[in-house]
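The structure under discussion appears below in the form of structure tokens.
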Number of protein chains: 2
Amino acid sequence: MPLPAMPTPLLTPAANLIAASGGRVTRTRTAVLEVLQHSARSLNHDDIAAELAANGLPHDRVTLYRTLDWLVEQGLAHRVIGPDRARRFKAGGEISSPHAHFHCERCGHVLCLESIRPDERFTLPAGYEPERAELVFHGTCADCGRRRGAKA
Amino acid sequence: MPLPAMPTPLLTPAANLIAASGGRVTRTRTAVLEVLQHSARSLNHDDIAAELAANGLPHDRVTLYRTLDWLVEQGLAHRVIGPDRARRFKAGGEISSPHAHFHCERCGHVLCLESIRPDERFTLPAGYEPERAELVFHGTCADCGRRRGAKA
DNA sequence: GATCTAATGCTACAATGTTGCATTAGATCC
DNA sequence: GGATCTAATGCAACATTGTAGCATTAGATC
């Protein structure tokens, strides 16, 4: 016995966020936001494109760029520029919760350090008016350190 | 009465540094290093190329890239990746004196904050082994703040 | 001054991101 | 449920930043 069509279909959390932003709820947007939400690390375009392809979703490079820009604009995702000068994305706004990032030189991943706030710990020379601070550590991440015998 | 040709020509500080690194002292290298040394802010490729052109020096894009990479490798210059994902360079090594940077969103310049050391002020989660930290402030620099009436 | 090769200057290419425009498909209205 | 309106998409072409290969030039050394 088939269920009756739901009058107000249950949206995923991602879809709800997108709808709340006033934009159209499209397959690409929901899929991209969900990919970001389900990842512990920040993802670059290739990572995301690969995820979309794995799910059989139609997409192209340009749409992905525009979708990600839109998500950042709406505060649904934030962007880090990695050392390879490629952008990486992660779900969640930046302004609401500023935090540091960690770039692992072994595995290349960029992780969020939610516990570290880069702002308001430094005194700048007179005249400088900082609006936000970006703090990126480079080194070996916990996973890679463990994998090779945690020398600490 | 012309001066006699100097037997051991006096080298500029830049040329001396280059010679001390074991590399050949070429026009491009000395010129690029001098441009960097004379600038208070970090310069991108275009800035440097414009300076070289103004001095009538022969150069091309690729040589400039290689020259800058070499200077960084020798510890004679350091590199910052700007928000426009383009590299910016400044004289002086990074390892010897790690410091924060300030990106002015008004004039686009990236300045060095020699007085601020980004390292050893944060406690990272267990397992993370940072080797260096990168700290970039975004906001309004002293010059631009003054120019519009220093609201602070 | 001759020689040896690091450094240069080409050309061609790779990676990342952008612009313009025709087409598709969410949302809305009836 | 279907017509309509336009945001979002998909495609092609382009822009910017950085690399690779290789013949030529010019620092350093003998």
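Reminder, nothing fancy here: chain letters follow the sequence lines and each chain counts from 1. We use all heavy atoms of the structure for the numbers below, so side chains are in, but hydrogens, waters and symmetry mates are not.
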Categorize Thr26(B) for me: base, sugar-phosphate, or nothing, with a 4.0 angstrom heavy-atom threshold over every strand shown.
sugar-phosphate
Would His45(B) and Phe89(B) satisfy ring-ring contact (aromatic ring centres under 6.0 Å, His included), going step by step from the backbone distance to the final call?
CA-CA 8 Å; His45(B) 276 259; Phe89(B) 297 83; 5.6 Å; yes
Show your reasoning for whether side chain to side chain contact (heavy atoms under 4.5 Å, CB included) applies to His103(A) and Val110(A).
CA-CA 4 Å; His103(A) 166 237; Val110(A) 175; 4.1 Å; yes
With clusters defined by side-chain heavy atoms of hydrophobic residues (ILVMFWY) lying less than 4.5 Å apart, directly or transitively, does Leu64(A) cluster with Ile81(A)?
no
Taking the side chain as every heavy atom from C-beta outward, state whether Glu129(A) and Arg106(B) have any atom pair closer than 4.5 Å.
no
Salt bridge check: are Arg66(A) and Asp69(A) linked by an N-O gap of less than 4.0 Å?
no
Between Phe122(A) and Phe137(B), what is the ring plane arrangement, given parallel below 30°, perpendicular above 60°, and tilted in between?
perpendicular
Would Leu57(B) end up clustered with Val35(B) when hydrophobic side chains under 4.5 Å apart are linked, directly or stepwise?
yes
Flag the pair Leu111(B) / Cys141(B) as yes when at least one side-chain heavy-atom distance between them is below 4.5 Å, and no otherwise.
yes
Co-membership, hydrophobic cluster, residues Tyr65(A) and Val80(A), 4.5 Å side-chain
no
Between the first and last five pairs of the helix from dG1(C)-dC30(D) to dC30(C)-dG1(D), the angle of the axes, rounded to 10 degrees:
40°
Using a heavy-atom cut-off of 4.0 Å to chain A, what are the terminal contacting nucleotides of DNA chain D, in 5' to 3' order?
dT6(D) to dG18(D)
Between Asp69(B) and Arg24(B), just flag the one whose closest nucleotide in DNA chain D comes earlier from the 5' side.
Asp69(B)
For Arg66(A), report the nucleic acid contact type (base, sugar-phosphate, nothing); a contact means any heavy atom under 4.0 Å.
base
I'd like to compare against my own output: the B/S/- annotation of nucleotides 11-17 of chain C with a strict under-4.0 Å heavy-atom distance to protein.
B----BB
Please check if the side chain of Thr63(A) supplies one atom and the backbone of His59(A) the other of a donor-acceptor pair under 3.5 Å.
no
